[in-house]
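Atoms within each ligand, like the ligands themselves, are counted from 1 in listed order.
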Amino acid sequence: MNLGQTLIASSSDTLAHTAAHLVASWIQEIVAQNRIARIALSGGSTPRAMNRILAGLPLPWASTEWFWVDDRFVEPQSPRSNLGAARTDLFDRLTVSPQAIHGMPFGPDIQACASTYEEILKKSFVLPGPGAGPLPAFDLLLLGVGDDGHTASLFPGDPSIDEVNRWVIPVREAEGREARLTLSRPVITAAKRVVVLAQGASKREPLRRAREQGSLHEIPSRLVQEVQGELFWLLDTSAAGY
Ligand code: 6PG
């Protein structure tokens, strides 16, 4: 059971700066080992300030490949798109292009889009594919936590949390929530370094429950306890309960 390491920032602004500089240092560390840094981003509102700060840091962008942990199944131009937000906050601000930016696809067939993203992972990580052999292990994978305890697009009560053969899963739409694509639980937990980024008092309870023993169907963010690599909780004082 991985309980991880916790870093608490005194404000949401300090959290964004601290997170950006930590991500930058980890990327520099990976590239210094002559490797491509493969990073998977989550969406939502919390990472946006961090991404805007990260865009201004001197990084070896050409040695980075960017992916998504999940995205809403919408056009990239949609205001709901995680890819669209990251383009606005991060990638469109860079003067040096990353080696690759692999947004999650959108199209008429969500199952086909999930398979397409699995093919992208197979090619980038040079692996045989889902269901057989090793999993894609991201160098750095960022997660948020929903007020209901979800993470990625693995929601309470949804069977997606149980899917362990596929790498990318279509998640059906539900009340007040569009369909999604998400990395599966095994791919998330195979990451070499997972960072849970959360701010605000509304995250206090879901974060507390995420650290408890209990059902993943009830609180899917409990899956971080299965992370095989390093686990970090980057929180502001409000989310940490101080
Ligand atoms: C998404 C995210 C999702 C997010 C949490 C927290 O697509 O919405 O990937 O898992 O991380 O819902 O979102 P906030 O940062 O907006 O609280």
Requested in this report: Select one of side chain, backbone, both or neither to describe which atoms of Leu143 lie under 4.0 Å from any atom of ligand 1, heavy atoms only.
Outcome: neither

Requested in this report: Give a yes/no on ligand 1: does Lys203 have at least one heavy atom closer than 4.0 angstrom to it?
Outcome: yes

Report summary line: Atoms of ligand 1 under 4.0 Å from any heavy atom of Arg180, numbered from 1 in the order shown, are 1 (C), 7 (O), 8 (O)

Query raised in the report: Taking the inter-plane angle between the rings of Phe91 and Trp68 on a 0 to 90° scale, is it parallel (under 30°), tilted (30 to 60°) or perpendicular (over 60°)?
Result: perpendicular

Query raised in the report: Are Asp147 and Lys203 ion-paired here, with the side-chain N under 4.0 Å from a carboxylate O?
Result: yes

Which side-chain N or O atoms in residues 39-46 pair as donor and acceptor under 3.5 Å with protein atoms at least two apart or in another chain?
| from | atom 1 | to | atom 2 | distance (Å) |
| --- | --- | --- | --- | --- |
| Ser42 | OG | Leu142 | O | 2.7 |

Requested in this report: Give a yes-or-no answer on whether the side chains of Ser153 and Arg72 include a donor-acceptor pair shorter than 3.5 Å.
Outcome: no

Requested in this report: Would you mind checking which non-hydrogen protein atom is closest to atom 4 (C) of ligand 1, with the distance to 0.1 Å?
Outcome: Gly43 O, 4.0 Å

Query raised in the report: Would you call Arg38 and Asp139 a salt bridge, using N to O less than 4.0 angstrom?
Result: no

Query raised in the report: When you check the gap from the basic side-chain N to the acidic O, do Glu175 and Arg177 get nearer than 4.0 Å?
Result: no

Report summary line: Per-atom filter on ligand 1: closer than 4.0 angstrom to a heavy atom of Asn82 are 1 (C), 7 (O)

**Report entry** Nearest non-hydrogen protein atom, atom 6 (C) of ligand 1
**Finding:** Val145 O, 3.6 Å

Requested in this report: Answer with side chain, backbone, both or neither: which part of Ala152 has a heavy atom less than 4.0 angstrom from an atom of ligand 1?
Outcome: backbone

Query - Distance from atom 8 (O) of ligand 1 to nearest protein heavy atom, with residue and atom - result: Arg72 NH2, 2.8 Å

Query raised in the report: Can we say Glu119 and Lys123 salt-bridge, meaning some charged N sits less than 4.0 Å from an Asp/Glu carboxylate O?
Result: no

Query raised in the report: Which class fits the ring pair Phe67 and Phe125: parallel under 30°, tilted 30 to 60°, perpendicular over 60°?
Result: tilted

Query - Within reach of ligand 1, part of Thr46 (heavy-atom separation under 4.0 Å) - result: both

Report task. Consider every N or O of Ser153 and every N or O of ligand 1, then say whether any pair is closer than 3.5 Å. Result -> no

Query raised in the report: How close does the nearest protein non-hydrogen atom get to atom 11 (O) of ligand 1, and which residue and atom is it?
Result: Gly144 CA, 3.3 Å

**Report entry** Distance from atom 5 (C) of ligand 1 to nearest protein heavy atom, with residue and atom
**Finding:** His150 NE2, 3.5 Å

Report task. Report the nearest protein non-hydrogen atom to atom 13 (O) of ligand 1: residue, atom name, distance rounded to 0.1 Å. Result -> Gly44 CA, 4.0 Å

Query raised in the report: Mind checking what makes salt bridge (charged side-chain N to carboxylate O under 4.0 Å, His left out) contact with Arg185, not counting sequence neighbours?
Result: Glu226

Query raised in the report: Considering only heavy atoms, which of Thr151, Asp147, Asp70, Asp148 lies nearest to atom 2 (C) of ligand 1?
Result: Asp70

